[in-house]
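Only one structure is covered here, and it is reproduced in the block below.
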Amino acid sequence: MEKNLNLNQALCRLAAGLAILTFAGAKRSRQPSIFSFALVCCGALKTAEGILRYCPLISIRRRKLHTHKQPADTINPS
């Protein structure tokens with residue numbers, strides 16, 4: 001697993017993940033629901049991405065961009 005986030009992106013994801021976890025934990029303690037559980041999962045995912053400096057969606061997007069081939073029979077009008 002290769003790091004694909006720079007330090008600024010990782011710190012932003014870490015801060016956002018912890019903020020979401022805090023909000024979701026407070027909301028879940030007052031009124032447990034599926035929405036608050038989903039927020040906890042989302043916050044945990046963002047926190048883990050920030051700590052590991054790896055985002056699976058960026059990895060998938062980069063892989064698709066690199067495997068997308070341009071047709072060989074393109075015509076250059078110049």
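No hydrogens, no waters, no symmetry mates; every other heavy atom, side chains included, goes into these values.
When all heavy atoms of Asn4 and Arg62 are compared, the closest pair comes out as CB-NH1, 3.5 Å. The heavy-atom pair separating Ala24 from Leu39 by the smallest distance is CB-CB, 3.5 Å. Between Leu18 and Thr47, the shortest heavy-atom distance links the atoms N-OG1, 3.5 Å. Among all heavy-atom pairs drawn from Arg53 and Leu7, the shortest one is NH2-N, 3.6 Å. Heavy-atom minimum distance, Glu2 versus Tyr54: O-CD1, 3.1 Å.
In the hydrophobic clustering, Leu5 connects to Ile58, either directly or through intervening members, whenever side-chain heavy atoms lie under 4.5 Å apart.
Screening residues 8-20 for side-chain hydrogen bond (donor to acceptor under 3.5 Å, both in side chains), with sequence neighbours left out, gives Arg13-Glu49.
Partners of Arg28 according to the side chain to side chain contact (heavy atoms under 4.5 Å, CB included) rule, which considers only residues two or more places apart in sequence or in another chain, are Pro32, Ser36, Phe37, Val40.
Note that CD1 of Ile51 is 11.0 Å distant from CG of Leu11, once rounded to the nearest 0.5 Å. Here the NZ-SG distance, from Lys46 to Cys41, works out to 13.5 Å after rounding to the nearest 0.5 Å.
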